[in-house]
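Notes follow once the structure below has been shown.
Chain A is the first sequence line, chain B the second, and so forth, proteins listed ahead of strands; every chain is numbered from 1.
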Amino acid sequence: MAKVEIQSLKGMRDLLPEQSYQWQFVEEKLRKVIESYGYQEIRTPLLEKTELFKRSMGEVTDVVEKEMYSFTDLNGDSISLRPEATASCVRAGMQHGKLQQQIQRWWYSGFMFRHEKPQKGRYRQFQQVGVEVFGLQGPDIDIELMLLSWQLWQALGLDNVILEVNSIGNLTERQNYKQDLVKYFEQYKSQLDVDSQRRLYTNPLRILDSKNPEMQTMIAKAPKMLDYLSKQCQQHFVEITTVLTQLKVPYRVNPYLVRGLDYYNQTVFEWLTPDLGSQGTICAGGRYDGLVTQLGGKAVPAIGFALGVDRLIDLIQATQIKFTPPALHAYWIAIGEQAQQQSWSLQQSIRQALPQLRLLNNCNGGNFKTQFKRADKSGALYAIVLAESELEQATVTIKPLRSDEQQQTIQQTELVNYFATIIRTKDNQ
RNA sequence: GUGGACGUAGCUCAAUAGGUAGAGCGCUGGUUUGUGGUACCCGUGGUCGUGGGUUCGAUUCCCAUCGUCCACCCCA
């Protein structure tokens, strides 16, 4: 590792040019699918008042309690880097009157910040792409989001993923359930592991997705949320699973699936992969009908999901999908001062005529040998040569660098046509 | 926040039961001064993450610190 005095912050990564293409590739695929469903992009600030997250996510969640990048700004206000974007979307929707008896289908993409201990698939600055829908109550929109997310994986060529769904009911149902659950686990209090004992009174639902194998039999016999659902919630849930079955979505009902954030109700879902170690959730979402009122607005039903782009890319790399950025079409070699002078105007006109052309200009002079070496290293498909004899005859020499074809010398006036053909054939391969 | 592994050249990694380090790849140049890629040859590269301690002497042992990785926790 190079010795530099100042390094990047812990858990925050540089994406170097050789990686950024992968990100562009994934971002582009995601955007295309989401927009094909008619969703519109919203961009909100990275900084918000700390209170927004406290009120939306719940004071006792780890994220709010100890993972936020919060500080006091020059006015004395407590502000925070966003740890997620749902709260910001709700805030923006309310602030601009977009949630008044309207339907909104929004999506966003951006960095989130959580001061966690980094590990695989978990970074302090990480990118989420998410979708938030406001004003729709029925199970149809729940289904839409699950199908939309499914299509994202298909667009990316990921097939080793599975959807888990559950319903955590409405507030009163969940409270009843929590009470019974606590009662149940209290009987075995001494047998609970340390984590579960702590969770018993802070977040009892979390005991259910404990990874400790010794806890599993006890968990299996615990009361299940699905038995506590009202008729209406049950119906809502059944309609969802019926469609999932009909469409052969790879899914299973996980009665222990819960949510880390307080604002969720009814439908919750997660997409999981076995290929990423312990951070196997690539996408998670659910309904949050209560959040808008919780933030002081009129009740608006809402549902959304967020996916971790970092994890998606890790996953795509693990499953060996190749990312090859498109090669340069040409590298421009100019020998001598006069040729260099003329190159500027020739390049200018070919670039204007062919905006898709990827052409790298040789800088820093050099003889034939060095310029050709650079041309080769650039990965360009062709070298375009302008030297003394070409200057005299108003031609350029074009040498293929990736095939055995002969080089040829053409009139400078033919350059645009020549490369128009190359772009057409090469870029469609 | 808890636990474990690990930091040696730009990259991937060796070595030294404590005597200041090597290889491959890369990079530079040459064989080849209007033609790259292959081959061969030459060269370039490191206060062994940082700070302290033990020692005649530390990259090696000890402590601290920073960072990376993995798991728990939490979560996307």
Could you please name the option among [options] that lies closest to any side-chain atom of [X]?
X       : options                   : result
T281(A) : rC74(B), rA76(B), rG37(B) : rA76(B)
D195(A) : rC72(B), rC74(B), rG36(B) : rC72(B)
D376(A) : rC74(B), rG37(B), rU35(B) : rG37(B)
E116(A) : rU35(B), rC75(B), rC74(B) : rC74(B)
A387(A) : rA76(B), rC74(B), rG34(B) : rG34(B)
R122(A) : rC73(B), rU28(B), rG36(B) : rC73(B)

Revision key, fill the gap. Scanning both residues in full, the closest heavy-atom pair of A222(A) with F185(A) reads CB-CZ, 4.2 Å
Check your understanding: So, F368(A) and rG34(B): ring centres less than 5.5 Å apart, planes less than 30° off, yes or no?
Key -> yes
Checking all strands, does [X] fall into the base, sugar-phosphate, or nothing category for heavy-atom contacts under 4.0 angstrom?
X       : value
E18(A)  : nothing
G366(A) : nothing
Q279(A) : base
I282(A) : sugar-phosphate
N367(A) : nothing
G121(A) : base
A306(A) : sugar-phosphate
R198(A) : sugar-phosphate
F111(A) : nothing

Please state whether the phosphate of [N], meaning OP1 or OP2, lies under 4.0 angstrom from any side-chain nitrogen or oxygen of [X].
X       : N       : value
K117(A) : rG1(B)  : no
K120(A) : rC69(B) : no
K373(A) : rG30(B) : no

Under a 3.5 Å distance rule, please check whether [X] uses its side chain to pair with a backbone N or O of [Y] as donor and acceptor.
X       : Y       : answer
Q371(A) : G366(A) : yes
S378(A) : A380(A) : yes
R311(A) : L276(A) : no

Point to revise | Test side-chain contact (heavy atoms from CB on, under 4.5 Å) applied to P118(A) and R13(A), R124(A), M12(A), the passing residue | key: R124(A)
Point to revise | Reference residue Y382(A); test side-chain contact (heavy atoms from CB on, under 4.5 Å); the match among L401(A), I422(A), L328(A) | key: I422(A)
Quiz question: going by heavy-atom distance under 3.5 Å, is there a donor-acceptor pair between the base of [N] and the side chain of [X]?
X       : N       : value
K399(A) : rG36(B) : yes
R199(A) : rC73(B) : no
Q119(A) : rC72(B) : yes
Q371(A) : rG34(B) : no

Review point. Closest nucleotide of RNA chain B for D209(A) versus for E388(A): which of these residues is on the 5' side?
Key: E388(A)
Study note, to complete from the structure: Between R402(A) and R114(A), the residue closer to the 5' end of RNA chain B by nearest nucleotide is R402(A)
Study note, to complete from the structure: chi for rA17(B) classified (syn = within 90 degrees of 0, anti otherwise) as syn
[atom1] gap between [N] and [M], integer Å:
N       : M       : atom1 : value
rG24(B) : rA14(B) : P     : 16 Å
rU59(B) : rG7(B)  : C1'   : 12 Å
rC11(B) : rG26(B) : P     : 15 Å
rU68(B) : rA76(B) : P     : 22 Å
rU44(B) : rU28(B) : P     : 15 Å
rC69(B) : rA23(B) : P     : 30 Å
rC48(B) : rG67(B) : C1'   : 16 Å
rU16(B) : rA21(B) : P     : 14 Å

Review point. Is there a donor-acceptor contact under 3.5 Å linking the side chains of N362(A) and R374(A)?
Key: yes
Using Watson-Crick or G-U wobble geometry with both distances under 3.5 Å, which nucleotide pairs with [N]?
N       : value
rU38(B) : none
rC6(B)  : rG67(B)
rC75(B) : none

Review point. Do the two ring centres, one from F134(A) and one from W106(A), sit under 6.0 Å apart?
Key: yes
